[in-house]
Amino acid sequence: MRWWLPWTVVAGSCLPTFDQQPYLVSEERVLAVRGLPAEAMPNDDVDYEALVVGPDGPIAQPVEWAYCTEPRRAEERTGVTASCASGDDLSVIEATTTVLSDACARFGPNPPPVAAGEPARRPADPDPSGGYFLPVRARVDEAVAFGFQRIRCDLPGATREIFEAFQERYADNRHPEIEAVRVWAPDGSEVALSGAVASVEAGQTLRLEVVPAVDAVEPYVVYVPEASAVEDRTEELLTRWYVTDGVLLGDRLSLPDTAGPVHAWIVLTDSRGGSAWAGVRFDVLPRAGGATPR
Amino acid sequence: MTPGWVLGLIGMVGTVAAQQSPARDSEEADYEVVVTEHRGPPPREEAAAAEVEAEEAARVPGVQGDAVKAVQTLGGVSRPPAGADGVVVWGTRAEDTRLYVDDVPVPRLFHLGGSRSILPSQAVRSVGLVPGGASARYGRGLGGVVRIRTAEPEDARVGLWGHVDPIDVGTGGHYRFGARPEDADAEGPAGWLAVGARRSVLKRLFEVAAPGGASPLVPLPDYWDYQLRGQVQLTDGQQLSVLALGADDRVDRGIVSLDPEAAFTERTRATFHRVAVRLTRPLPRQGQTDLMLWGGADREVQQLDFGSVDARDDRSVARAGALLSHERRPWVGLRVQVGLDAEVRSTTTLRDGAISLPAREGDIGVFGQPPGNRVNQDRWRVGQAAVGAFATARWTVGPLAVEPGLRVEPMVADGDRVVPVRPTEPPVGISELDVTSDPRLTVSLTPEKRVRLYASGGRYQQPAVAGDRSPVFGTPRLQAARAWHGLAGVVAEPWSWLSVEGVAFWMWQDRLAVRAPLATPAVAALLVAEGQGRSRGVQLSMDAGATGPVQARVAYTLLQADRRASAAAAWRPFDGDQRHGLQALAGWRPRGPLEVGGRFELASGLPRTPVVGAVFNAASQSYDPLFGDHNAERLPTFWALSLQVALAGSAAWGSWKAALDVQNVTDRRNAEEVFYTADYRQRAFVQGLPILPVLRLEVQL
């Protein structure tokens with residue numbers, strides 16, 4: 001049995017190439033969503049915030065918030081179930097709200113509620129970090145994104161020893177913090193940032209660097225039912241840059257040849273669902289040879 | 001003109017034909033009555049079966065001399081997508097097709113990726129396909145049956161063969177011992193032993209020719225296989241045969257990306273071995289008793305790394321079986337076959353990773369889509385045993401032949417867990433017994449000696465596979481899936497060089513294991529046996545000039561195959577629904593060393609579910625697709641032309657053959673998949689194989 005049949009077509013085949021720029025902010029977008037705190041128990045208070053941007057920079061517009069109320073089916077590879085992504089099965093909330101009281105039964109390891117006489121239902125499956133998440137939709141006009149509030153639930157089926165070991169060793173996730181964003185000029189010198197604004201010359205290729213805080217990468221433990229054990233893990237960080245103009249290849253940003261402002265954002269996520277972001281504005285100046293102002 | 005059915009009635013075992021004797025020098029004509037086989041369409045065990053001799057099969061352009069690959073050109077077999085290695089017949093899944101080599105079940109016919117079959121052409125006598133309506137002899141499969149018959153070596157006491165092409169090299173030989181059949185006075189057992197082995201070379205060629213240059217996107221086959229066959233003639237005409245074969249495959253592939261979330265690697269290792277011993281004892285009046293014992297082991301390990309989500313599936317299977325069949329002709333016109341077909345298997349599976357994997361028929365997704373972030377793990381063991389008792393009786397009265405059959409099969413399944421492991425609870429196993437009873441019936445009518453009408457039908461059952469019986473990833477208690485086949489056709493030979501056939505078929509399947517409809521199904525019930533399927537269509541084939549210098553074979557299948565998740569759900573196209581399939585082959589073999597052949601294939605594109613939008617996932621920093629109606633669109637139509645030119649010759653030391661096989665000579669860039677941009681706003685097609693010339697050299701000493 002093949003793992004994943006569609007991949008079989010790769011055999012001797014040619015992938016098409018696109019001139020795609022997923023990092024380019026060419027319209028209003030919600031780039032990041034997070035709840036504060038990063039991990040909360042059912043009924044805990046939580047504040048949601050989002051990074052909303054557009055081609056002209058950050059957008060300070062109210063965000064419409066909603067919880068997804070339905071979990072995903074096993075075969076759904078998406079972050080939220082199709083009905084929720086399509087705008088159904090949502091429960092509107094305020095930015096400051098509480099985690100659903102039954103979040104651990106709907107989206108976590110607790111058995112979902114059943115009617116009398118029905119067999120016990122299958123609880124949700126964890127992510128690779130052992131976590132369970134409550135989906136949150138953030139919407140600003142046509143821009144929509146889903147974030148995921150990590151929920152702290154029990155360990156159903158675990159022995160008392162395992163449960164106590166887990167409670168003792170597990171620390172709730174915290175959002176990573178960005179200590180600094182640095183920009184390096186082609187000659188290796190650091191570009192001076194004044195209040196997250198830098199003046200740079202058109203056409204230059206800059207190296208973007210994000211410096212996470214020292215404690216951004218946290219150790220944590222995962223309960224493994226098959227082994228009936230608690231395993232040690234360490235978070236990994238994922239960084240993603242977005243810009244409103246120019247060409248981005250990895251952490252290299254080739255600025256446009258035309259003068260004008262270029263906005264860049266870094267979104268930092270950790271493997272337990274935490275996130276942080278920061279923005280930089282480049283005031284692109286005409287080249288010494290003379291570039292056309294936009 | 002004597003009606004054919006009268007001739008058939010006279011013969012029962014054949015048709016009476018008048019034939020001039022060439023044995024006498026006298027000018028006076030002298031005739032004798034010779035009992036020969038009926039000259040009409042040859043009788044078949046199954047109504048719609050097709051069989052191609054290996055010599056002819058290996059000549060099919062585009063198969064690169066691989067006789068077994070010719071099964072993909074037979075009517076009813078869907079064109080496999082590039083890189084696929086299953087056999088999809090009449091709208092059933094590849095997993096529903098039973099594969100046999102000399103009646104020994106094998107897990108696959110092709111090496112991973114489908115570049116080569118598991119048997120070299122030198123070891124093959126014929127390639128047969130029963131697309132539907134298989135006799136009661138066959139069970140435990142919902143779909144078709146592929147039968148590979150191995151070849152007996154040529155008459156020389158010692159022989160060697162070898163072949164080389166850019167894909168693999170192979171060699172083998174045989175030794176005949178004891179007295180030959182023509183040595184009437186000789187004593188002692190006689191028989192033969194043949195061995196063969198192959199090793200892929202393509203990957204090594206790439207490593208030498210372009211070190212580090214091979215794209216991981218293109219999986220290069222890395223395999224070996226072996227075959228051992230032997231036969232001993234015992235006393236009283238009894239025959240003892242042995243067969244051993246196996247294959248080992250390793251395939252690595254993936255997509256390289258600067259974005260770790262878009263990178264993908266897959267490593268697969270698959271091995272199987274089979275050993276079989278068979279004793280055949282002839283009985284009076286063309287009767288025969290067969291006893292075959294076989295055993296083997298399968299192992300398949302797949303490791304998938306997709307960004308932050310990994311998946312591993314490690315499956316070990318120990319299998320053994322026995323086949324006992326007894327055939328008698330108690331009266332003229334009646335042939336009775338009874339037997340037992342038993343199989344036991346023990347499967348241990350370790351699966352760790354994304355719960356959406358392995359993908360199932362009906363799952364909605366797009367090429368390159370990550371498997372989602374939910375994971376789990378399980379290790380489970382399943383024991384399965386089945387003893388199929390079968391009986392068929394073929395009764396021939398004049399032009400009419402009726403063959404009822406019945407297969408009764410108790411199936412036992414035993415699992416080590418009925419619910420997921422919980423340290424606070426003792427493990428609870430599962431054991432269940434299911435007794436199936438499947439009637440079969442074939443009726444054929446030969447109203448004229450060159451025409452035969454036939455109809456066939458029956459019920460078929462297939463136990464749930466061990467991989468579906470996990471309490472975490474599947475359901476330990478799953479009923480056997482069922483299928484009903486019905487087909488009716490006509491085969492005619494208007495001239496000795498032409499055979500045409502048309503068959504209409506209908507298949508109904510139920511109790512198919514499908515995903516549970518709820519997001520939170522009952523514990524240990526991620527799958528439910530509620531799926532239904534239907535296939536119907538017509539198949540037309542033409543075979544011309546089988547013995548002449550010019551040959552042509554055309555097979556066209558019009559098929560509609562649908563599935564639904566339950567009786568209450570709406571029908572949608574089966575993932576492998578190939579509405580039109582055409583295979584046209586032509587060959588020219590003039591007297592001399594030259595052979596030329598061409599093959600044209602055309603197939604409807606497979607169904608795909610369109611993406612109608614996307615939403616941004618802030619956790620993975622990527623877009624998730626929004627899908628439209630299930631399988632509502634199709635890939636573009638596929639067509640390809642292949643040519644083969646071969647030169648053959650012989651010398652004192654043996655014979656040789658050089659063949660240039662050019663697949664897709666027009667270099668048509670057929671679409672094999674849909675590929676979307678990261679935001680799902682643009683799409684294009686993954687293209688299939690470009691023009692692919694393969695030069696092959698074979699020698700026989």
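Order of the sequence lines sets the chain letters (A, B, ...), proteins ahead of strands, with each chain counted from 1.
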Which atoms of [X] are under 4.5 Å from chain A, going by heavy atoms: the side chain, the backbone, both sets, or neither?
X	result
B/Leu518	both
B/Ala516	backbone
B/Pro625	both
B/Asp378	both
B/Leu626	side chain
B/Arg681	side chain
B/Arg93	neither

Just by distance, do the side chain of [X] and the backbone of [Y] share a donor-acceptor pair under 3.5 Å?
X	Y	result
B/Gln621	A/Ala32	no
B/Arg360	A/Glu75	no
A/Arg73	B/Pro517	yes
A/Arg122	B/Thr520	no

Rounded distance [0.5 Å steps], CG in A/Asp125 versus CZ in B/Phe473: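 Spacing of CG (A/Asp125) from CZ (B/Phe473) equals 8.0 Å.
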Between [X] and [Y], what is the shortest heavy-atom contact and its length?
X	Y	value
B/Asn617	A/Phe148	OD1-CE1, 3.2 Å
A/Ala74	B/Leu526	CB-CD1, 3.8 Å
A/Val80	B/Asp624	N-OD2, 4.5 Å

Quick check on [X] against chain B: is it the side chain, the backbone, both or neither that has a heavy atom closer than 4.5 Å?
X	answer
A/Ser271	neither
A/Tyr242	side chain
A/Pro71	both
A/Val224	side chain
A/Pro126	both
A/Glu76	both
A/Pro22	side chain
A/Pro111	neither
A/Thr269	side chain
A/Val267	side chain
A/Ala158	backbone

Tell me, yes or no, whether the heavy-atom count around [X] atom [atom1], taken from other residues, nucleotides or ligands under 6.0 Å, exceeds 12.
X	atom1	result
B/Asp629	CG	no
A/Gln20	CD	yes
B/Arg477	CZ	no
B/Arg379	CZ	no

If you tally heavy-atom pairs under 4.5 Å against chain A, which of [options] wins?
options	value
B/Asn376, B/Val615, B/Ile355	B/Ile355
B/Ala94, B/Gly353, B/Ala519, B/Gly372	B/Ala519
B/Ser622, B/Pro521, B/Pro80, B/Pro420	B/Pro521

Largest heavy-atom contact set with chain B, pairs under 4.5 Å, which of [options]:
options	value
A/Arg34, A/Arg29, A/Arg106, A/Glu236	A/Arg29
A/Ser129, A/Ala85, A/Ala50, A/Pro225	A/Ala85
A/Ser228, A/Ala120, A/Ser86, A/Pro119	A/Ala120

Under 3.5 Å, sequence neighbours excluded: what are the donor-acceptor pairs made by side chains of residues 135-147 of chain A?
unit_1: A/Arg139; atom_1: NE; unit_2: A/Asp141; atom_2: O; d: 3.3
unit_1: A/Asp141; atom_1: OD1; unit_2: A/Gln61; atom_2: NE2; d: 3.3
unit_1: A/Asp141; atom_1: OD2; unit_2: A/Gln61; atom_2: NE2; d: 3.2

